[in-house]
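A, B, ... follow the sequence lines: proteins, then strands. Residue 1 opens every chain. Source: prediction; values computed, not measured.
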There are 2 protein chains.
Amino acid sequence: MTAPTQPSRQAFFEQWQDVLAPTAVGYRLRILSQLMGRRFQDQLEPFGLTPFHWVVLCCLWKEDGLPTSTICDRLQQVGGTLTGVLDRMEERGLVRRERDSRDRRVWRVYLTPQGAELMEVLPPRVRAVKEQALAGMSAPERANLSDLLDRAIANLS
Amino acid sequence: MTAPTQPSRQAFFEQWQDVLAPTAVGYRLRILSQLMGRRFQDQLEPFGLTPFHWVVLCCLWKEDGLPTSTICDRLQQVGGTLTGVLDRMEERGLVRRERDSRDRRVWRVYLTPQGAELMEVLPPRVRAVKEQALAGMSAPERANLSDLLDRAIANLS
DNA sequence: GTCTATTATTTAGCATTCGTAACAACTGCT
DNA sequence: AGCAGTTGTTACGAATGCTAAATAATAGAC
């Protein structure tokens, strides 16, 4: 009941602020992803790796010999995409694919010595990026962030 | 001093857990981005839009006639990338570019009526995705998440 | 045992994103 | 006018990311 002429635009924006404004979660998530991705890239690029390669390596360091489909699940990726990434990693000699002897439909992915070797140099670099991103956050705050991200992921899975 | 033979691998993993494990922040951020991106895509695809288009529209809804460079800053994008996106949006009749009369180097981007029209149908759809992602989180928790993301962005900017 | 349906993965093709480097247009200063 | 710096585009290459179709192998029904 204040300004009758041109209030609609402003009012509208406020009504949908939670999705329209630069403060919207999706918006920030996007920007943070972009920023972190670029930092990771800077760290990984000297080794000819992309962030995608990094997370695949993480999966395999934790548990070697995973089937392609499991990696897809863990990274929320579609098969076709992962095939391409694994191809490039295989070309670079970081992983090798081997048929499962029990169920010969599945291909298991193993780290090569060359891939395992990266474990010696990459983690410190990645931690540096992480530390920069989380600088100034207390341990409880970090735990909190992790928990909230986790719940969001669970909500969408 | 416990198991001398094969402890190194396990010990190593624990030492670098904060960056290697699926609980690592970068890892989760990546997955959540992926998941939300896909949901957004599902919502936007009927209109021939990508999430990228959406955030550009958000910028312009908030403040029409921004210079290209400002949009780049806000979205943490590089000029070359944005040009391509704006080209496609222009082709689809959502925006138009116009030279700034003062400084004729800068191109200002304006919403077309057709672009503004989308404001009527898109926000509810986007909110639905957001609500699904944040389901089960209280208002303080949401504020917390937003704040933490914001601080991380600031750390990397 | 053969047939059929299902599962795992790859292939092929397409659009988008993302970055770099070179270029053109324009400004403001001298 | 001439020059350095800024804005934006172009051109190129590589990587993501999806879909749909093809291939290979298994499992279950009969």
Side-chain angles (χ1 to χ4, degrees), chain A residues 30-31 33-56 65-92 94-109, chain B residues 30-31 33-56 65-92 94-109:
Chain A
R30 188 184 171 86
I31 290 180
S33 259
Q34 178 81 8
L35 283 168
M36 281 196 86
R38 208 172 303 169
R39 302 297 176 113
F40 277 127
Q41 199 116 34
D42 291 343
Q43 292 299 320
L44 299 172
E45 197 249 315
F47 303 93
L49 300 175
T50 68
F52 203 148
H53 296 158
W54 161 258
V55 292
V56 172
L66 289 174
T68 303
S69 56
T70 305
I71 302 178
C72 282
D73 285 350
R74 301 226 174 134
L75 301 180
Q76 290 294 328
Q77 292 290 339
V78 144
T81 304
L82 196 61
T83 297
V85 172
L86 289 177
D87 284 347
R88 266 164 257 140
M89 292 179 80
E90 205 167 19
E91 276 171 27
R92 302 206 55 255
L94 304 176
V95 300
R96 85 192 132 77
R97 277 180 273 203
E98 212 173 280
R99 269 213 149 103
D100 186 299
S101 51
R102 299 279 192 83
D103 185 341
R104 295 175 46 74
R105 284 170 302 183
V106 345
W107 289 83
R108 293 186 173 274
V109 185
Chain B
R30 190 185 171 83
I31 291 181
S33 259
Q34 178 80 10
L35 283 169
M36 280 196 86
R38 206 172 304 168
R39 302 297 176 112
F40 277 127
Q41 197 116 35
D42 291 343
Q43 292 299 321
L44 299 172
E45 197 250 315
F47 303 94
L49 301 175
T50 69
F52 203 149
H53 297 156
W54 161 257
V55 290
V56 172
L66 289 174
T68 303
S69 57
T70 304
I71 302 178
C72 281
D73 285 349
R74 302 226 172 136
L75 301 181
Q76 289 294 325
Q77 293 291 337
V78 143
T81 304
L82 196 62
T83 298
V85 172
L86 289 177
D87 284 347
R88 265 163 259 137
M89 291 179 78
E90 204 167 21
E91 275 171 28
R92 302 205 57 257
L94 304 176
V95 300
R96 83 191 134 79
R97 276 182 273 204
E98 211 172 280
R99 270 213 147 104
D100 186 298
S101 50
R102 299 279 192 83
D103 185 342
R104 294 177 46 75
R105 286 171 301 184
V106 343
W107 288 84
R108 294 187 170 274
V109 185

OP1 or OP2 of D/dT16 under 4.0 Å from side-chain N/O of A/Arg88: yes

Residue whose closest nucleotide on DNA chain D lies nearer the 5' end, B/Arg105 versus A/Val78: B/Arg105

Distance, rounded to the nearest Å, where B/Asp87 contributes CG and C/dA15 contributes P: 16 Å

A/Gln41 vs C/dC18: side-chain N/O to OP1/OP2 distance below 4.0 Å: no

Whole-Å gap separating P (C/dA8) and CD (A/Glu98): 19 Å

Interatomic distance, A/Leu82 CG vs D/dA15 P [rounded to whole Å]: 15 Å

Rounded interatomic separation in angstrom, taking CD1 from A/Ile71 and P from C/dT10: 10 Å

Lys/Arg cation over aromatic B/Phe47: B/Arg92, 6.0 Å, 45° cone: no

Test side chain to side chain contact (heavy atoms under 4.5 Å, CB included) applied to A/Val109 and A/Ile71, A/Leu82, A/Leu94, the passing residue: A/Ile71

Among D/dG8, C/dT9, C/dC18, the one nearest A/Pro67 by side-chain distance: C/dT9

Nucleotide nearest B/Arg104 (side chain, heavy atoms from C-beta), chosen from D/dC18, C/dC18, C/dC26: C/dC26

Interatomic distance where CD belongs to B/Gln34 and P belongs to C/dT17 [whole Å]: 14 Å

Interatomic distance where CG belongs to A/Leu75 and C1' belongs to D/dG17 [whole Å]: 13 Å

Residue-phosphate contact under 4.0 Å: B/Thr50 side-chain N/O, C/dT17 OP1/OP2: yes

Inter-residue atom distance A/Arg39.CZ - A/Leu35.CG, 0.5 Å rounding: 7.0 Å

OP1 or OP2 of C/dT11 under 4.0 Å from side-chain N/O of A/Thr83: no

Most 5' of A/Ser69 and B/Phe52 on DNA chain C, judged by nearest nucleotide: A/Ser69

N or O in side chain of B/Arg99 less than 4.0 angstrom from C/dC26 OP1/OP2: yes

Along DNA chain D (nearest heavy atom to each residue), the more 5'-positioned of A/Gly48 and B/Gly84: B/Gly84

Cation-pi geometry met for B/Arg88 and B/Phe52 (6.0 Å, 45°): no

A/Gln77 side chain near D/dT16 phosphate (N/O to OP1/OP2, under 4.0 Å): no

Integer-rounded Å distance: C/dC18 P and A/Ile31 CD1: 12 Å

Minimum-distance nucleotide (side-chain atoms of B/Arg38 versus D/dC18, D/dG8, C/dT10): D/dC18

Side-chain donor or acceptor of A/Arg97 paired with backbone N/O of A/Thr68 under 3.5 Å: no

Pair A/Arg105 + A/Asp103: basic N to acidic O under 4.0 Å: yes

Between P of D/dA14 and CG of A/Leu44, the distance in whole Å: 19 Å

Distance test, side-chain N/O of A/Arg97 to OP1/OP2 of C/dT10, below 4.0 Å: yes

Upstream residue (5' side of DNA chain C) when A/Arg30 and A/Thr81 are each assigned their closest nucleotide: A/Thr81

